[in-house]
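This report concerns only the one structure given below.
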Protein chains: 2
Amino acid sequence: MENKIDDINRKILRRLQENSRESFASIGRLVGLTPPAVAERVKKMEDLGILEGYKARVNHLKMGYQLRAIVTIKAFMGKLKPFLEKVRSMQEVINCYRITGNENIIMEVVLLDQLHLEQFIDQLIQYGETRTHIILSDIISDAPIMGNKGI
Amino acid sequence: MENKIDDINRKILRRLQENSRESFASIGRLVGLTPPAVAERVKKMEDLGILEGYKARVNHLKMGYQLRAIVTIKAFMGKLKPFLEKVRSMQEVINCYRITGNENIIMEVVLLDQLHLEQFIDQLIQYGETRTHIILSDIISDAPIMGNKGI
DNA sequence: GGTGAAAATTGGGAATT
DNA sequence: AATTCCCAATTTTCACC
């Protein structure tokens, strides 16, 4: 019941991770399948939860966000739960994880400018001790997750 | 020459960030435009670099990766450049940023198991001092970047 | 795998600025 | 004149059986 991921599905997943708007027909040509056959495989991988969604990447600078930052929080006693509720309403937060270690939370945020960053951090001090790292550049962005072999 | 992002484009960007496979026809119905008009706006936003790409999200667990981690590196003198070259070939690394602060690099990695994590970290010790946080859960994943108003 | 429905694309033309 | 949109026709893709 384990591996529905054969070489063909790996190629399909690779293509969709690189360009999720590629048509099933185009993918089919590459893997030697008809469009309906590709569609069926994709549907099955969606149902199995292997494929979780399809997202457009938007440039933060072009949207007016001049800064990105990584912010960690070491939550005060009893303040983690309230933070987890609050953070869902914060539009600046693009990604947020619970993590192990000295800090409890790490998140990636987009900010209009330095003043916005300051205001954002001020919102957080009630929940815990924060640490901020400005993102200088991207080295790797959303690299595709491959199966055990990098086909 | 600045803002090509009116309310209609904001809605288009929102929809594509939520589901990048949504058809132009479907989006058009929502914003009151014909499919070619939507296609034209999307094409223009691609050309302007506002839309950077379309990616499928894949579940790491279903792909056999039992662990995710955040790893930071405080690079040794002269070891940052070699690391930046090396990291591009590391399939475990999904995201990697240059950052300000005590650490130079932060990255998100997927790992098959604990042994794999150990081997991965061992590869890094030659480049700098590492710190590892296991990801326990997702609070927010790839939230859409909105324009200045959250339309 | 094959067939009808839906969507994408292309070209041309009209309206707004 | 430039931009943006619509319309219509062709091609491609999708979805059901």
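Chain naming here is simple, since letters A, B, ... match the order of the sequence lines and numbering starts at 1 in each. Reckoned from all heavy atoms, side chains included, excluding hydrogens, waters and symmetry mates.
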Atom [atom1] of [X] to atom [atom2] of [N]: distance rounded to whole Å?
X        : N       : atom1 : atom2 : answer
Ile8(B)  : dC6(D)  : CD1   : C1'   : 14 Å
Leu48(B) : dT3(D)  : CG    : P     : 11 Å
Glu22(A) : dA7(C)  : CD    : C1'   : 17 Å
Lys44(B) : dT9(C)  : NZ    : C1'   : 18 Å
Leu33(B) : dT3(D)  : CG    : P     : 18 Å
Asp6(B)  : dT4(D)  : CG    : C1'   : 11 Å
Phe24(A) : dT13(D) : CZ    : P     : 12 Å
Glu40(B) : dA14(C) : CD    : P     : 17 Å

Paired with Met107(B), the side chain to side chain contact (heavy atoms under 4.5 Å, CB included) test is passed by just one of Ile70(B), Asn95(B), Ile73(B), namely Ile73(B)
Nearest listed nucleotide, side chain of [X], among [options]:
X        : options                  : result
Ala37(B) : dT4(D), dC6(D), dA8(C)   : dC6(D)
Arg29(A) : dT9(C), dT13(D), dC14(D) : dT13(D)
Ser23(B) : dC6(D), dG2(C), dA8(C)   : dA8(C)
Pro36(B) : dT10(C), dC5(D), dG1(C)  : dT10(C)

Does [N] have its OP1 or OP2 closer than 4.0 Å to a side-chain nitrogen or oxygen of [X]?
X        : N       : value
Arg41(B) : dT3(D)  : no
Arg21(A) : dT13(D) : no
Thr34(A) : dG1(C)  : no

Could you check whether [X] gets within reach of a base, just the sugar-phosphate, or nothing at all, counting any heavy atom under 4.0 Å?
X        : answer
Ala25(B) : sugar-phosphate
Lys43(A) : nothing
Gly28(A) : nothing

Name the orientation class of the two ring planes belonging to Tyr65(A) and His116(A) (parallel below 30°, tilted from 30 to 60°, perpendicular beyond 60°). tilted
Where is the tightest heavy-atom contact between Lys86(B) and Ser89(B), given as atom of each residue plus distance?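 So the two residues come closest at O-OG, 2.8 Å.
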In degrees, rounded to 10°, what is the bend between the two ends of the helix from dG1(C)-dC17(D) to dT17(C)-dA1(D), using five pairs at each? 30°
If you measure from the Lys or Arg side-chain nitrogens to the Asp or Glu carboxylate oxygens, is any gap between [X] and [Y] under 4.0 Å?
X        : Y        : answer
Arg10(B) : Asp7(B)  : yes
Glu52(A) : Arg57(B) : yes
Arg41(A) : Asp6(A)  : yes

Please check: side-chain N/O of Lys62(A) versus main-chain N/O of Leu48(B), any donor-acceptor pairing under 3.5 Å?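 Yes, Lys62(A) side chain to Leu48(B) backbone: donor-acceptor pair under 3.5 Å.
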Tyr97(A) side chain to Glu108(B) side chain, donor-acceptor N/O pair below 3.5 angstrom: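 The criterion, which ignores hydrogens and geometry beyond distance, is satisfied for Glu108(B) and Tyr97(A).
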